[in-house]
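Both ligands and their constituent atoms are indexed starting at 1 by order of listing.
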Amino acid sequence: MSKPITGFSKLSKSKKIDWMVDTYFSNPAEAQTVLKQYWNSNDKLQQLHDEFIENTISNYYLPLGVAPNFLINGTLYTIPMAIEESSVVAAASKAAKFWLERGGFKTKVISTTKIGQVHFNYQGDFGKLKQFFQEVKPKLITSTEAITKNMTKRGGGILDIELRDKTTDIDNYYQLHASFETLDAMGANFINSCLEQFAKTFKAEALTFNLFTEEEQHIDIIMSILSNYVPDCLVRAEVSCPVEDLSESKTLSGEAFAKKFIQAVTIAEVEPYRAVTHNKGIMNGIDAVVLATGNDFRAVEAGVHAYASKNGQYSSLTHAKVENGMFSFWMEIPLALGTVGGLTGLHPLVKLALELLHKPSAKDLMQIVAVAGLAQNFAALRSLTTTGIQEGHMKMHLMNILNQFEASTEEKSILTNYFKNNTISHTAVTEALNKLRGTSEK
Ligand code: MEV
């Protein structure tokens with residue numbers, strides 16, 4: 001059993017590693033080597049990564065891939081994707097190419113409002129609280145001027161603050177529910193700083209509001225925090241084409257393809273078990289671009305899944321129909337993204353990803369990310385309703401299995417060739433590799 005350690009964060013990086021490998025590893029020297037082989041030889045770059053978080057011991061690599069040929073509102077994009085799942089970039093590229101030949105993707109930002117709340121307790125008359133709020137509201141706004149000055153100059157800032165009575169849910173519980181426009185910033189720091197200032201001003205001003213009794217004067221602030229639920233920070237992405245143009249082979253007509261595809265979407269609209277997997281596939285595309293562009297994929301995930309339940313049941317984020325001979329497939333999703341601030345100016349690969357995307361505004365990035373999600377869902381449903389997902393998946397997976405067995409370049413070449421005409425499975429690849437090596441190891 002290891003013992004707890006105090007003052008860990010104050011140890012040097014090498015002392016942290018020494019303690020960790022000596023405490024937990026049967027072969028500490030080997031663990032040291034594994035960690036250190038991921039250190040960057042450029043000390044400045046390594047220090048940058050060390051300082052992103054606390055207690056950094058190494059770097060955790062993910063592949064950064066690109067999917068070219070995305071035509072979005074007439075502009076061609078090559079989309080950067082940071083992801084470990086083997087089939088995602090290939091699927092994105094395939095969907096991009098398919099739609100490139102059919103008019104590309106059309107996108108539109110519907111709204112860009114973000115939300116933050118001050119949660120507080122107040123014991124007293126709601127009428128008086130309302131009166132106090134009306135009186136103090138301008139002061140709440142002016143008290144944040146030092147924080148909002150630059151954002152306001154650029155056309156953003158605080159849009160509104162509402163007082164919300166939540167006492168039907170919890171006794172004495174109220175909110176200051178504020179809306180913000182944060183332009184090209186994701187805005188988390190901006191919103192949280194404004195909210196904390198609102199809370200301070202609100203509490204202090206209540207102490208001198210003459211209609212309040214002594215008990216009413218003591219407003220108890222619970223917390224001040226932005227919401228990652230952003231149903232009014234919404235983007236729409238769509239593809240459409242004549243039904244007959246959907247056909248790519250003589251064996252499947254455009255009409256038959258559209259029928260099955262729409263059925264697959266309808267199932268995800270009504271069946272939560274399927275909807276979760278369907279939407280997970282959408283997030284394969286979305287998270288990969290969100291991560292490559294230095295945005296917060298946890299915030300995006302939380303907001304998107306909440307939005308998928310907005311009607312009371314978890315449902316598909318995408319929709320499809322055929323009308324007047326035209327097939328269309330679309331999605332509206334909430335995305336709070338930034339192209340300034342946070343990692344965007346710090347991480348060299350994030351800067352590179354943003355330049356690759358023509359240095360997008362936050363609104364541009366919302367559209368690109370939504371397209372990556374829609375394309376991914378199109379590719380998934382297309383394989384699911386035609387060949388099945390495993391065919392493409394296992395091809396991509398073959399390389400992972402071969403790498404797991406440290407296959408040489410020659411072995412990889414022979415087996416990639418062999419599996420062009422044979423079914424790929426973990427067992428089949430292991431057996432073929434063993435046969436090639438003349439061994440029977442598992
Ligand atoms: C796998 O990561 C994603 C899929 O399961 C999505 C789907 O089923 O739609 C293929």
Side-chain angles (χ1 to χ4, degrees), residues 62-67 70 79-99 105 237-239 246 248 252 256-292 297-298 300-309 313-321 327-333 335 369-401 403-404 423-426:
L62 282 181
L64 176 68
V66 291
F70 272 99
I79 299 188
M81 304 178 94
I83 189 151
E84 87 300 346
E85 191 173 325
S86 48
S87 57
V88 170
V89 178
S93 306
K94 251 176 135 176
K97 186 101 190 302
F98 183 93
W99 286 106
F105 294 80
E238 180 170 354
V239 282
L246 286 170
E248 280 198 302
L252 187 68
F257 172 80
K259 194 168 165 210
K260 260 197 156 176
F261 189 96
I262 292 171
Q263 253 188 337
V265 174
T266 311
I267 290 169
E269 284 170 339
V270 302
E271 163 55 52
Y273 278 97
R274 173 57 202 150
V276 172
T277 318
H278 177 98
N279 291 346
K280 187 273 180 186
I282 296 171
M283 299 316 286
N284 279 344
I286 290 185
D287 283 345
V289 189
V290 168
L291 201 54
F297 65 90
R298 288 85 55 207
V300 167
E301 282 275 348
V304 168
H305 292 297
Y307 189 76
S309 315
Q313 177 177 299
Y314 192 90
S315 176
S316 169
L317 291 159
T318 53
H319 307 283
K321 67 175 181 192
F327 167 82
S328 46
F329 176 51
W330 72 97
M331 168 170 78
E332 281 180 13
I333 49 158
L335 286 174
V369 169
V371 163
L374 189 74
Q376 202 62 222
N377 189 226
F378 180 78
L381 295 185
R382 190 156 169 254
S383 352
L384 284 169
T385 57
T386 55
T387 56
I389 204 79
Q390 283 312 91
E391 186 185 288
H393 239 97
M394 291 314 287
K395 264 191 203 137
M396 297 301 298
H397 197 47
L398 172 63
M399 210 38 80
N400 285 349
I401 303 172
N403 281 333
Q404 190 189 325
T423 308
I424 300 164
S425 72
H426 199 279

Per-atom contacts, ligand 1 versus [X] - under 4.0 Å to a heavy atom:
X: Glu85; result: 1 (C), 2 (O)
X: Leu384; result: 7 (C), 8 (O), 9 (O)
X: Ala380; result: 9 (O)
X: Lys280; result: 1 (C), 2 (O)

Legend entry - Within-4.5 Å side-chain heavy-atom neighbours: Met283 and Val300: yes

Legend entry - Leu374 vs Thr318 side-chain heavy atoms within contact, under 4.5 Å: yes

Inset, instruction - Quick one: look at Val88 and ligand 1, take heavy-atom pairs under 4.0 Å, and tell me if it's side chain, backbone, both or neither. - result: neither

Legend entry - side-chain contact (heavy atoms from CB on, under 4.5 Å) assessment of Val239 paired with Phe98: CA-CA 11 Å; Val239 282; Phe98 183 93; over 6 Å; no

Legend entry - Close approach of Arg274 to ligand 1, heavy atoms, under 4.0 angstrom: yes

Legend entry - Nearest-0.5 Å distance that lies between atom CD in Glu85 and atom NE2 in His397: 10.5 Å

Inset, instruction - If the plane angle is over 60° it's perpendicular, under 30° parallel, otherwise tilted; pick one for Phe378 and Phe261. - result: tilted

Inset, instruction - Select the closest option to atom 6 (C) of ligand 1 among Thr277, Ile282, Asn279, judged by heavy-atom distance. - result: Thr277

Inset, instruction - Give a yes or no answer on whether the side chain of Asn284 reaches the backbone of Val88 with a donor-acceptor pair at less than 3.5 Å. - result: no

Inset, instruction - Report yes if some N/O of His278 lies less than 3.5 Å from some N/O of ligand 1; otherwise report no. - result: no

